[in-house]
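Accompanying notes for the structure given below.
Counting starts at 1 for both ligands and their atoms, in listed order.
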Amino acid sequence: MCGIVGYLGTKPAYEILTQGLHRLEYRGYDSSGVAIENDGGEMHVYKSQGKVSNLEAAVDGKPHDGTLGIAHTRWATHGIPNDINAHPHVSDDGRIALVHNGTIENYAVLHEALAGHGCKFTSETDTEVLVQLIEYIRLTNDCTLADAVREALGQVIGAFAIAVIERDNPDLLIAARRSSPLVIGIGDGETFIASDATPIVGYTDKVVYLGDDEMALIRRNEPLEVISLNDGSHPGLDIQTLRLSVEQLEKGGYDTFMLKEIFEQPDTLRDCLRGRITADGNRVILSGVLDNKERFLNANRIVIVACGTSWHAALIGKRLIQDMCALPVEVEYASEFRYGSPFITDRDIVIAISQSGETADTLAAIELAKSKGAFVYGICNVVGASIPRATDSGTYIHVGPEIGVASTKAFTGQVTVLTLLALCAGQLRGTISQQQVTAIAGELLRIPDILRQVLKLDDAIREMSRIFTYARNFLYLGRGYNYPTALEGALKLKEISYIHAEGYPAAEMKHGPIALIDKDMPSVIIAPSDSLYDKIVSNVQQVKSRGGHVIAITNTGNEDMRKLADYCLEIPRVMECLTPIVASVPLQLLAYYVAHYKGCDVDQPRNLAKSVTVE
Ligand code: F6R
């Protein structure tokens with residue numbers, strides 16, 4: 001949650017910072033702000049409720065020169081979204097400005113102590129406590145800003161990524177982190193900091209991922225200095241090369257990032273599969289699995305932890321791994337796992353799935369699993385994020401940056417990697433026949449082309465979606481491999497169109513939700529010609545006989561379903577274990593167009609953020 005950007009260099013900072021904020025807006029967009037310091041040490045702070053464009057309008061015509069600055073886009077945790085609660089927060093004496101991503105858990109105690117010392121607060125945020133604490137330490141100890149920041153962070157409990165500047169000191173930018181991400185971009189005479197690499201792309205490809213409990217001192221015309229917050233030591237700098245281009249961050253002719261990302265899926269899945277199936281199609285090569293052969297051979301059990309859409313992918317992964325690896329698999333919400341006293345041993349493999357690689361609950365679940373001796377395997381999209389760094393091994397899904405807040409291509413990438421993982425581990429364990437591996441791997445390689453055909457449903461879905469904007473509730477039903485597909489379809493619709501939608505295993509309908517069915521509650525039923533097809537046909541009939549409208553996702557040429565359902569979205573037939581990838585694409589388009597016709601902001605739905613770095 002929240003995005004931070006900082007710059008110290010030779011160019012006008014304001015343009016770099018606001019461009020960076022636009023790229024980080026997916027992390028939160030209820031308010032934003034910027035602090036700019038000019039070369040004479042004069043500092044200007046501007047804040048505005050709403051999106052970054054509001055901030056730009058507010059700054060227009062006002063002084064914003066300077067080659068040093070920090071900026072923030074917010075997803076509110078403490079205090080409503082308004083101008084006052086927006087960051088940067090400034091100390092009582094107006095000297096220090098700070099932006100923060102994370103939560104300060106002991107802010108109430110610190111607030112009380114500082115108020116006792118006469119400190120005045122203007123906002124309702126936890127962040128303001130930190131800037132006031134820094135000022136208080138700076139004044140009482142008569143120390144440098146760096147010493148005050150380090151001392152203050154020592155008193156803070158919680159998660160933070162911060163950037164700090166001070167008036168009359170245009171040559172210093174300080175950044176620090178614990179649990180929340182922070183990347184430093186090292187350019188020629190200029191340094192950038194940001195919550196992820198996107199604001200840095202196009203300026204430099206040299207980056208350092210600041211470690212937990214580390215502070216960076218960025219001084220004009222001096223090399224970057226990184227200090228441990230714990231003991232003041234200097235950890236070595238691991239300078240990495242960024243492999244992201246500006247083109248990858250842009251909309252490429254589509255109206256929204258979400259639509260672009262839905263349409264990218266044939267390409268992103270090809271990238272995800274690249275080099276992972278041998279040329280003869282007989283073997284799956286996932287180095288994360290093969291390099292840890294003994295772990296996969298001796299595992300007692302697999303536990304998958306994740307949140308939201310990634311949790312839905314995990315449910316599909318459970319079926320895949322159980323079917324191909326003959327191993328029991330449990331799926332847990334990371335937020336429940338972390339506080340649930342889970343029974344984990346060193347013979348367990350814990351798989352953590354996360355698009356962003358920064359989800360706080362998933363990170364905490366990983367730490368807990370590691371502390372119990374489990375081998376932790378990450379499935380992640382963002383290269384270099386906290387989760388891939390915290391796990392013992394893993395696989396990147398390689399689907400490129402996902403900017404739309406609702407996850408689409410990351411979901412299909414996660415399911416693809418889980419299929420590869422199940423095949424690779426199953427082959428290693430001897431629990432899947434060569435014939436099956438070759439058949440499934442072969443069909444996986446055809447999935448990108450199959451998705452191209454599925455995307456031709458675009459016009460039909462767009463037309464149909466207009467009709468359903470009236471609905472206040474939707475039911476999504478699926479069975480077996482496609483029960484999680486139904487959950488994911490329902491989540492997509494509710495998060496971007498604000499229509500309430502429930503996903504259910506189709507057979508459960510008769511145990512309660514059937515009471516809801518009437519002409520105003522459409523049901524989306526995932527009914528491919530698989531082993532459970534006959535069962536699902538009776539669910540379609542049950543809905544129809546109660547006056548409900550049915551949108552069926554079924555296979556091409558299914559005449560019977562055309563007669564039964566009100567609308568049929570026909571997808572090519574694929575092996576049962578691969579249907580979730582293919583069936584989820586029309587569901588993404590359905591959610592997209594219903595939201596579009598309702599006039600919703602599809603890329604940045606209300607109350608949501610792309611990267612959930614708070615509990
Ligand atoms: C829904 C969505 C969220 C995320 C969830 C976990 O479209 O995107 O439900 O899936 O917040 O995020 P990651 O995968 O980044 O851990």
[X] heavy atoms, cut-off 4.0 Å: which ligand 1 atoms fall inside?
X	value
G308	9 (O), 10 (O)
S354	13 (P), 14 (O), 15 (O), 16 (O)
V405	8 (O)
S407	7 (O), 8 (O)
A406	7 (O)

What closest approach, in Å, do A76 and D30 show between heavy atoms, and which atom pair accounts for it?
N-OD2, 2.6 Å
Any side-chain heavy-atom pair of [X] and [Y] under 4.5 Å:
X	Y	result
T362	C307	yes
C577	R319	no
F192	I184	no

Which residue holds the protein heavy atom closest to [atom], what is that atom called, and what is the gap in Å?
atom	result
atom 2 (C) of ligand 1	T309 OG1, 3.8 Å
atom 6 (C) of ligand 1	C307 O, 3.3 Å
atom 16 (O) of ligand 1	T359 OG1, 2.4 Å
atom 11 (O) of ligand 1	V612 CG2, 3.9 Å
atom 7 (O) of ligand 1	E495 OE2, 2.5 Å
atom 15 (O) of ligand 1	S356 OG, 2.6 Å

Should the pair E330-R301 be classified as a salt bridge under the 4.0 Å nitrogen-to-oxygen rule?
yes
Between the side chains of D212 and R178, is the shortest nitrogen-to-carboxylate-oxygen separation below 4.0 Å, so that they form an ion pair?
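Salt bridge between R178 and D212, a charged N being under 4.0 Å from a carboxylate O: no.
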Describe, in one word, how the ring planes of F296 and F375 are oriented to each other, choosing from parallel (under 30°), tilted (30 to 60°) and perpendicular (over 60°).
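Rings of F296 and F375: perpendicular, as their planes differ by over 60°.
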Please work out whether the ring planes of Y593 and H596 are parallel, tilted or perpendicular, with thresholds of 30° and 60°.
perpendicular
Return yes or no for this condition: an N or O of Q414 is under 3.5 Å from an N or O of ligand 1.
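No, Q414 has no N/O under 3.5 Å of an N/O on ligand 1.
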Regarding ligand 1, does T362 bring an N or O atom to under 3.5 Å of one of the ligand's N or O atoms?
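The answer is no, given that T362 and ligand 1 share no N or O pair closer than 3.5 Å.
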If only atom types and distance count, is the side chain of R479 paired as donor or acceptor with the main-chain N or O of I536 below 3.5 Å?
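The answer is no, because no donor-acceptor pair under 3.5 Å joins these two groups.
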Just to be sure I read this right, does ligand 1 sit under 4.0 Å from the backbone of K492, its side chain, both, or neither, counting only heavy atoms?
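The answer is the side chain.
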Looking at ligand 1, is there an atom of it that comes within less than 4.0 Å of some heavy atom belonging to I387?
no
Does a donor on one side chain sit under 3.5 Å from an acceptor on the other, for Q414 and S310?
yes
